[in-house]
Each structure stands twice: as structure tokens, then as C-alpha cells.
Amino acid sequence: MIKATDIYAATHDGLDIILYYYPQAEGCVDNKKKFKRRPDEDDASACIKRFQDCYKVTDFGDTATAMSPIDICMTEENLRFNEAIARLAARYNVTDELKRSVNKPDIRKRPATADEKEGSRFFELEERFTPDQLKIMGPRVKQEHVDALHWHVARSISYVKNREVITKYSTPTYPIFMRECTIDKPEPGKPSVFYKIYEPLNPDKQWRFSYTPEGAKPKQYINGMAELRAAYRKFNADEEAEFRRTAKEDEVYKEKKLPEAFICSGERDSMCLRSLGYHPLWFNSETYRVTAEEIKEIYKYVERLYNIPDIDSTGIRKGRELALRFLDIHTVWLPSWLTGYRDQRGKHRKDFRDFVDLRTAQPRQAVAVQLYSRGRETQAVHQRHGGTASCLPQIQCR
């Protein structure tokens, strides 16, 4: 995560930022000269002074409070704190890229015992996530949210190869997460549970995911489906209990659907969605082709199904494909301004986690995305067939 100190280190203690916004102050550095921060003021009333961590501007004609370079960026560009950090990081090429020398697990080896079979894999789990581990999953994610989607922190993962046990331990700079995935109808002889291993800070993105036990994961599997199914059953159990409390003997309870579920583009997007109080679903890869039967099952549990694609070229293409295959799915297009910011690796921001990350200044408020019924392409299809696609209400964080 890029911090204010990282920005200041790349900008001569923030002086470059101040002079970017107030070039007229160039002759007022390290002296007592004042400059006009606002062009319409009669007298110069602002000065620059070096504080412990950075240069700051104090405007005695305004608040008379020392403003940091980030405060200035927020004021001049009407940005929130995280948005200002992202804007300045992109402007001054400040990144926090993963490094193989730092982001690596602690790997240890020992001889295998007689009862440790060749090719076997086993692991130890921690009881809880640390605050830093929760932040990796999402800026608003709490323990209750990872519990709801059955995520765990792996203390270690071991496998036996050539009669040697190789153990990979989590570290503060290399956490290992595991999700307990339930299979509703496992194949004969196959387990009803498998684990998805997620190494989010692995510098090699293609090695961030693996599964155990080997071969247990079905070819067709939607993450979050088991949790959605369980939520539907609990919802109806609670509703029926309330119904029975006042209903007549001959009255029959009719099951109700949950209001909605959301298809997300990955693990951290789904965690951010869950942290806002919604039910996420996500696939194991961008190439996953959801079937009509799977969509039909989802609609057994919810009234509406939304899809939140990434807004890079691949995400837009996949979002259009899904919208045109299933006209009942509503598409949430993230705002285009998101791509104007860069993440800690210097890449353009594109997904729901990025959106939430830039909207954390006001907890439980201000996370709103406009929903366009059935997506842009679906709307066009409906109009060509004489239908309409009205704008849906906004989603506000709970």
C-alpha cells in the first residue's frame, strides 16, 4: 500500500507537489516570503515551511492551518484522501510493486516420516485474520466477512515429494489464504469439500491459485453458490418461523427469494461486495463459461442477478458476452474515471475493489455505483425488439 511518506520521498518532501499547484510560490521556499494562494486576494498571505515530515503551506488569509501537500491536492482537485494518494502516485511514478526478495514465503524442508505418503498435502490454519491481512482482502473487510465466505489464513502448507516434506509458511509480507469450498453434489468417490489456496502477494500472478486435494475441484464450480444457497435457506427458515407465529392452521408458507446476488470478477472483488452486505458469486477464471443451468439455479434463490465486470478490454468484452447470453442479468458498469487512477503496481485501476478502495473516506457511505438495467448492449437489444431498459436505483453501502 502506497503511503503519504512514499509520495513525499519522491517529491522532495512534498515540495514538488506544492509548486505544482502554486508555481507562484517558487521564490518563497526556505524563507519568510509570502505568496498569493488565491489570485483575487489583495495581499500575499500564504507561506511555505518545512515541518518534520514534509513541507506545508499555511494561508493566514484562509484557515491559518498548515496544509500538507496531500491536503493541498485534495482541496485543489476536490478529491478524497485515497484518491489524492492515487493521483499523486501516478503523477510522480510512485509504485509499491511486489518484490521477489521481500514477498516470499518461509520455506523449510525435513525428511518425511513413514506415515507421510508420497504426494500427500496437509496444512495448518490460523484462528483469525490479522488487521493487515484483512486489508489485503479489501479496505472494509472484517473478520465476519471472511468467515461468511469461509476464508482462512494458512499458518503453513506442506507436501511430500521424493520422501521430503516441503513446508511453506505464511509471513507478514507473504500471507497464504485458503477458502473452504463446499460441493453440493460431489461425484462418486470424490470429497464434498476442497480448498482453494490463494497467495495474493505472489509476484508471479499465474501461481497465486492452487487447489487441494488434487482433482477434487469440479470442472463447473461457482464460488459463493453454496453460501448463497445457505443464505436462502436461513432467510426462509426465519421468515417461515415469523409466518407460523401469526398464521392460521390451514395457511401455507410460500418460500421467498433473496433480493439479489452479484457476479464479481475475483476473490477480492467478492470480499469487498460482501463487506457491503451483499451476496457475491465469482468464477475461478476469466475463461469460465457459466451454463444456463447454473444461471437457472441462481435465480431459484434471488430476484435479481447483477454482474460487475472489470473495465479493462477483457472485462468489458466478457461483460458484454454475459449480458447478451443472459438478458435477465443486470450489468453494473463501473465509472470510467476509475481508469484515471493507478494501483500500487502502477497499473490502471479497473475493478470493484479499486472502486471501493477509492471510496473509503466515509465509512458505510458514499459507495454508490449506477446500475444500468441489463447493460449497454442488452439495452440496445431490448430497444431493437421494442422493449425498454430503465435506469435502476443506485446501490448505497449499508
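Numbers here simply count residues along the sequence, with the first being 1.
Without hydrogens or angle criteria, R37 side chain to D59 main chain gives no donor-acceptor distance under 3.5 Å. For the pair E164 (side chain) and K161 (backbone), a donor-acceptor distance under 3.5 Å is absent. Between the side chain of N31 and the main chain of G27, a donor-acceptor pair closer than 3.5 Å is present. No donor-acceptor pair under 3.5 Å is formed between the side chain of D132 and the backbone N or O of P172. A donor-acceptor contact shorter than 3.5 Å is absent between the side chain of D13 and the backbone of Y55.
In the hydrophobic clustering, F243 connects to Y253, either directly or through intervening members, whenever side-chain heavy atoms lie under 4.5 Å apart. With a 4.5 Å cut-off between side-chain heavy atoms of Ile, Leu, Val, Met, Phe, Trp and Tyr, the cluster of F122 takes in V160, V165. Residues I107, I166 make up the rest of the hydrophobic cluster containing Y159, defined by ILVMFWY side-chain heavy atoms closer than 4.5 Å, directly or through other members. In this structure, W207 shares a hydrophobic cluster with no other residue, the cluster being traced through Ile, Leu, Val, Met, Phe, Trp and Tyr side chains under 4.5 angstrom apart.
With R349 as the partner, the salt bridge (charged side-chain N to carboxylate O under 4.0 Å, His left out) test is satisfied by one option alone out of D310, D357, D312: D357. For the pairing with Y195, the ring pair (Phe, Tyr, Trp, His ring centres under 6.0 Å) check across W151, F123, F209 returns one residue only, F123.
For the pair K219 and Y221, the cation does not sit on the ring face, since its NZ or CZ is not both under 6.0 Å from the ring centre and inside 45° of the axis. Taking the ring centre of Y211 as origin, the terminal cationic atom of K196 falls outside the region bounded by 6.0 Å and 45° from the ring axis.
Between the side chains of T113 and D115, at least one donor-acceptor pair of N or O atoms lies under 3.5 Å. No hydrogens or angles considered: a donor-acceptor pair under 3.5 Å links the side chains of E41 and S45. In the model, Y278 has no side-chain atom that pairs as donor or acceptor with a side-chain atom of E260 under 3.5 Å.
Inter-residue side-chain proximity for K257 and Y301 is flagged as unmet; no heavy-atom pair is nearer than 4.5 Å. With contacts defined as side-chain heavy-atom distances shorter than 4.5 Å, the pair F262/H279 does not qualify.
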Without placing hydrogens or testing angles, list every side-chain donor-acceptor pair under 3.5 Å for residues 178-187, not counting sequence neighbours.
unit_1	atom_1	unit_2	atom_2	d
R179	NH1	L149	O	3.1
R179	NH1	E227	OE2	2.9
R179	NH2	N223	OD1	3.2

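Y341 and W337 have perpendicular rings, their planes meeting at more than 60° on a 0 to 90° scale where under 30° would count as parallel.
Here the shortest heavy-atom pairing between K117 and R163 reads C-NH1, 3.9 Å. Nearest heavy-atom pair, G61 versus R38, reported as atom, atom and distance to 0.1 Å: O-NH2, 3.6 Å.
Between atom CH2 of residue W282 and atom SG of residue C264 there is a gap of 8.0 Å, rounded to the nearest 0.5 Å.
Taking the side chain to side chain contact (heavy atoms under 4.5 Å, CB included) definition, one finds that N307 meets it with I263, P309, L322, I329, sequence neighbours left out.
Under 4.0 Å is where a charged nitrogen must lie from a carboxylate oxygen, and between R245 and E242 at least one such pair does.
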